[in-house]
Every structure is written in C-alpha cells, then in structure tokens.
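Structure, as structure tokens:
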Amino acid sequence: MLDITNIRQNPDDIIAMLGNRLLENEIPKVSELLDLDRQRRELVQQADEMKALRNRVSREIADMKKSGSGPANELIQQMKAVAEDIATSDSSLKNLESAIEEILLSLPNRLHHSVPVGKSAEENVICKEQGGFDYSLDFPLKNHTELGKSLGILDFERGAKVSGAGFPVYTGKGARLERALINFMLDTHTSCHGYTEIFPPFLVNRESLRGTGQWPKFADQVYTIEEDGLFAIPTAEVPVTNLHRGEMLDAADLPVAYTAYSACFRREAGSYGKDTRGFLRVHQFNKVEMVRFTRPEASYEALEAILGHAEAILQALRIPYRVLLLCSGDISANATKCYDIEVWSPAEDKYLEASSCSNFEDYQARRMNIRYRPEGKAKPEFVHTLNGSGLATSRLMVSLLEHNQTPEGRVIVPEVLRPYTGFDIIG
RNA sequence: GGAGGAUUAGCCUAAUUGGUAAGGCAGCAGUCUUGAAAACUGCCGGGUUCACGCCCAUGGGGGUUCGAGUCCCUCAUCCUCCGCCA
C-alpha cells in the first residue's frame with residue numbers, strides 16, 4: 001500500500017509509475033483517489049466540529065448534574081439531534097474511507113530507479129548466465145516426465161486421480177530425493193546463510209493475504225476454504241511475513257531473516273493448455289522461501305544477499321541458470337525491484353523460472369503495520385520486507401533429473417544431496 | 001461444543017453508581033558533568049492545523065446513552081475447567 005500523503009504530494013510520480021507498468025487504464029484512479037481524499041478531509045473537519053460540541057456539552061451536563069442544578073432536559077434534547085448528525089456524517093465518512101482503502105489496496109508499488117522500463121518479458125535484462133558444470137549430454141535425452149515414469153519416482157497419473165491434474169505424486173526414491181532437496185536447502189540457509197527456520201501454517205486468514213498483497217489483486221489464484229474463511233497459501237511468504245503483522249520490531253533484532261519450507265497451492269486459473277506437462281505448471285509444489293525484515297536503508301543490500309543465497313543452492317547442485325532483472329512491464333505489482341532465477345532444462349530446451357527475489361520496501365509493511373523504532377529517533381518507521389524463493393523444487397527437479405541422466409536412463413544424485421538421500425544413483 | 005475469567009500505548013499497570021484514559025519502565029531531546037551515572041525539564045498512539053487547539057484511539061465489529069474502558073450483542077485471541085477427538 002502506498003502512502004496517501006505521498007500520493008497527495010507527488011501524484012505525477014504515481015501516474016508515471018502506472019505508465020511504466022503498462023497500467024494506463026488505472027491512471028484515472030489517481031485523480032479519483034485525490035478527489036475522495038479531499039472529500040474525506042472536508043467531512044472529517046465538519047464532523048470534528050460537531051464532536052467537539054458534543055464533548056463540551058456532555059461535560060457541561062455532567063457538571064450540572066454534579067452541582068444538582070437540574071437534569072437539563074432541553075440541552076439533552078439538543079444533543080440528541082447533534083448525535084444523529086454525527087452518526088449520519090460518520091457513516092458517509094466510513095463509506096469514503098473504504099472507497100479510498102479499496103483504491104489504495106489496488107494500486108501497485110513504486111518502482112526502483114534501477115528497474116529497466118520495458119513492455120514485456122522480452123525486455124527483462126539478463127544479469128548473469130551461469131552455465132557449464134561439464135555435463136556431457138551427447139545422447140538422446142529423456143525429459144523429466146519420461147525419466148520420472150521409467151524410474152518409478154514420479155506419478156502424475158495417480159496424482160490426477162487422487163486430486164486432479166497438477167497434483168504430482170513422488171514415490172520411493174523420488175519422494176526421498178524431494179525431501180533431500182528441501183532439507184539441503186533449509187540446512188544451507190540456516191547453517192551457512194544465517195536464517196532462522198520457520199515451519200508455518202499452510203492455511204491463512206484473509207488478513208494475512210491482504211498483508212502481503214495477494215488480496216484483493218490475486219484472489220482468483222488462491223484456493224479458498226469458504227466455510228472457515230481460510231485460504232491455502234500460494235507461497236510461504238504469506239504466513240512468514242505475516243508473523244510480525246501489527247508488531248513493533250526491536251531495532252536491535254533487525255535484520256530479521258527467516259527461511260521456511262511450505263507446500264504452495266495455486267489455482268493457475270486461466271493458464272490451462274500452457275506448459276501443462278509434468279512439473280512445468282502444477283497446482284501444488286514445494287518451496288523453501290527466504291523472508292527478511294530490514295531497516296529501509298538496508299533493503300537493497302538485502303535483496304542482493306537473498307539473490308546470492310538462492311544462487312548458492314544452484315551452484316552447489318551444479319544446475320545451470322540465469323538471473324533476470326525484471327523490467328517495469330513484467331515485474332509484479334507488489335515489488336519495487338525483482339530478480340528472477342531461471343534454471344536450464346536441456347530436454348525442454350528452455351529456461352524455467354525457479355525463483356523470484358523481490359524487495360517490497362514499505363508496501364507490505366504499511367499494509368501489515370510492521371514498524372521499528374530507529375535509534376536516535378523517537379518516531380517508529382515502517383520496516384522494509386523482502387523475500388526470495390530458495391528455491392521451488394518442482395522446476396529444480398526438472399533440471400536436476402535431466403542434467404544428471406545417463407545414456408542408460410539412470411539418474412546420478414548430485415554429490416551434495418547424497419548425505420540426505422542415502423543413495424547416489426536412481427535406476 | 002459448553003461454563004467462567006481476561007485483552008488499556010513498545011512493555012507493565014490504574015480508573016467511584018457510566019461523566020470523557022492516571023501513572024511507571026523503556027526510548028528520544030536537553031540541563032548539569034572532564035566523561036558517564038544519578039537527578040531535573042520537555043517529548044514519548046494516530047489524524048488535522050503555520051500555530052494555539054480540535055478530533056480519534058482501552059483486542060475487532062455493532063448497539064444503548066447527551067455521554068461508554070465501564071452496560072448489552074457479536075467475533076477473535078489467551079487462561080482455567082468440562083465434554084469430544086487423530
């Protein structure tokens with residue numbers, strides 16, 4: 001959520017940002033917002049005057065009663081009318097405020113000055129390409145679904161029977177390999193990168209979705225449990241960032257760094273027919289997430305750190321990848337700056353998104369009211385929040401299986417995972 | 001699921017029969033001091049105002065009342081029991 005005071009002072013900045021994000025049709029919202037804000041402030045002023053009157057006269061009535069100079073019935077009748085006027089004015093104020101909030105919640109975040117202006121994914125900037133790792137794949141390659149089936153480690157058909165398309169089942173060594181990946185990533189982030197491990201709830205309430213910005217904008221992508229008002233998390237970002245919702249963080253504790261495994265649930269509504277095979281697009285997948293709360297001045301440094309921590313996993317697994325700096329037309333609404341990491345799939349012959357590392361500055365903190373008291377200052381300030389996948393296992397598994405396959409159709413387990421799997425080859 | 005109790009600012013704690021949130025700690029600024037501590041003074045939830053001030057804020061949302069921390073309804077969370085349960 002953006003700061004209404006800031007919008008009032010610099011409306012042109014917001015309009016320019018909406019243009020860069022290719023959201024020209026949302027530009028009228030800015031003047032609408034400013035208009036509502038003006039109305040609200042006028043109304044508040046009027047209501048405040050009436051309330052001041054009510055408070056003053058109420059005190060007078062109290063004094064009269066104390067001194068025994070009569071019940072002052074006439075005065076009370078007058079105040080009855082004032083109370084009604086206040087109620088009327090308060091209810092229209094409430095309407096105005098919710099209209100303002102609705103617009104504020106729907107406006108995207110600012111963009112960092114380093115974000116390239118661009119119209120589509122084509123204009124994302126490639127920051128880094130990390131290839132090589134000496135794989136000799138000079139034989140007919142199997143893709144991950146073929147390997148999964150022939151080795152008996154992945155079962156998409158039975159997953160479809162039990163739940164539906166896009167709910168993969170891991171069996172035997174496949175399940176063990178998946179668990180090994182998760183454990184390896186969590187161990188690396190906690191032991192080497194200084195994160196505190198969190199095991200969060202997988203169902204959250206609406207306030208939490210609103211806090212991180214999945215609500216109301218992406219409501220149609222979230223699985224909903226109507227009866228209990230709960231939602232299946234699309235990412236651990238939601239419960240983990242909301243851990244501190246409404247809290248005043250101790251400045252000495254910053255930066256706070258959490259890592260969490262969770263299953264992630266996404267409806268992927270509207271994307272049927274695209275990349276449907278195997279793990280390429282699923283409704284449930286596993287992910288290890290990194291979340292940080294920082295002082296405002298430290299957040300961009302923290303973003304680079306998160307990116308580095310995600311990259312460290314890929315380097316240890318020897319998986320080729322590239323890093324993209326997303327352009328203004330492709331970056332998500334909540335982020336001011338975002339890097340995507342894509343892993344290479346030799347069988348699909350393309351890159352697959354496996355991580356997204358974002359700075360949200362105070363956009364989420366303002367929604368969630370997460371503050372800290374800076375040293376040397378009396379007033380609390382909003383923290384900055386960030387997160388990054390470190391990483392999603394589904395796309396990782398694609399690349400891992402395909403790169404480590406042998407001409408005989410077996411899969412060699414990457415060395416760093418062997419302590420976790422207890423075996424070094426599948427098949 | 002049922003019964004009772006609780007929720008006040010970053011933390012801790014008050015508030016006659018309903019009369020308009022009092023303190024303490026921590027924090028910030030200053031005085032004093034060679035420096036620090038102590039002591040003292042001011043600030044110390046949010047909005048609005050050049051300012052004085054005014055308004056809002058006692059877990060969330062409603063209601064009664066001229067007036068609600070206080071009374072009523074409802075929801076959430078925590079505690080103590082009872083029941084049920086993997």
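What's counted below: heavy atoms across the whole structure, side chains too, no hydrogens, waters or symmetry copies. This one's a predicted model, so the numbers in the text were calculated from it and none came from an experiment. Quick note on labels: first sequence line is chain A, next is B, and so on, each numbered from 1.
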Self-check item: Nearest-Å distance once atom P is located in both B:A68 and B:A14
Solution: 24 Å
Quiz item: Between B:C55 atom P and A:D90 atom CG, what is the distance in whole Å?
Solution: 13 Å
Quiz item: Taking the C1' atom of each, how far is B:U33 from B:C40, in whole Å?
Solution: 13 Å
Exercise. Using atom OH of A:Y372 as one end and atom C1' of B:G27 as the other, report the distance to the nearest whole Å.
Key: 14 Å
Quiz item: Would a distance-only check, ignoring hydrogens and angles, find a side-chain to backbone donor-acceptor pair under 3.5 Å from A:R410 to A:G427?
Solution: yes
Self-check item: Nearest-Å distance for atom pair CE/C1', residues A:M248 and B:A26
Solution: 12 Å
Quiz item: Do A:N286 and A:E178 have side-chain atoms, one donor and one acceptor, less than 3.5 Å apart?
Solution: yes
Quiz item: Roughly, in whole Å, what's the span from CD in A:E247 to C1' in B:C11?
Solution: 13 Å
So which protein nitrogen or oxygen atoms get under 3.5 Å of nucleotides 66-77 of chain B's nitrogens or oxygens?
{"unit_1": "B:G67", "atom_1": "O4'", "unit_2": "A:S58", "atom_2": "OG", "d": "3.2"}

Practice problem: Would you please classify the geometry between the A:Y195 ring and the A:H193 ring as parallel, tilted or perpendicular, with 30° and 60° separating the classes? | Solution: perpendicular
Quiz item: Would you say the ring centroid of A:F360 lies under 6.0 angstrom from that of A:H384?
Solution: no
Quiz item: When the P atoms of B:U13 and B:C25 are considered, how many whole Å apart are they?
Solution: 15 Å
Quiz prompt | Polar side-chain atom of A:R367 near backbone of A:R210 as donor-acceptor pair, under 3.5 Å | solution = yes
Quiz prompt | Plane angle bin for A:F279 and A:H144 - parallel if under 30°, tilted between 30 and 60°, otherwise perpendicular | solution = parallel
Practice problem: Could you tell me which non-hydrogen atom of A:V238 sits nearest to which non-hydrogen atom of A:S208, and how far apart they are? | Solution: CG1-O, 3.8 Å
Quiz item: When rounded to the nearest Å, what value does the distance between C1' atoms of B:U20 and B:U65 take?
Solution: 13 Å
Quiz prompt | A:L400 side chain reached by A:P414 side chain, heavy atoms, under 4.5 Å | solution = yes
Practice problem: Over all heavy atoms of both residues, which pair between A:L107 and A:E26 is shortest? Give the atoms and the distance, please. | Solution: CD2-OE1, 4.3 Å
Self-check item: Ring centre gap for A:H244 and A:Y258 strictly below 6.0 Å
Solution: yes
Quiz prompt | Gap in Å between the two P atoms, one belonging to B:A36 and one to B:G46, rounded | solution = 29 Å
Exercise. For A:E49 and B:C56, give me the distance from atom CD to atom P, rounded to whole Å.
Key: 13 Å
Self-check item: Spacing between A:E381 atom CD and B:C28 atom C1', to the nearest angstrom
Solution: 13 Å
Self-check item: Geometric cation-pi criterion A:R179 and A:Y261, 6.0 Å radius, 45° cone
Solution: no
Practice problem: Would you mind reading off the distance between A:D253 atom CG and B:G10 atom C1', rounded to a whole angstrom? | Solution: 12 Å
Exercise. Check the distance between B:G59's C1' and A:N369's CG and give it to me in whole angstrom.
Key: 14 Å
Exercise. Return yes if a side-chain donor-acceptor contact under 3.5 Å exists between A:N124 and A:D330, otherwise no.
Key: yes
Quiz item: Could you spell out the base pairing of RNA chain B in dot-bracket, with Watson-Crick or G-U pairs whose two distances are under 3.5 Å, [ ] crossing and | to another strand?
Solution: (((((((..(((......[...))).(((((.......))))).((((....))))..(((((..]....))))))))))))....
Quiz item: Can you give one letter per nucleotide of nucleotides 45-50 of chain B, going 5' to 3': B for a protein heavy atom under 4.0 Å from the base, S for sugar-phosphate only, - for none?
Solution: -SBSS-
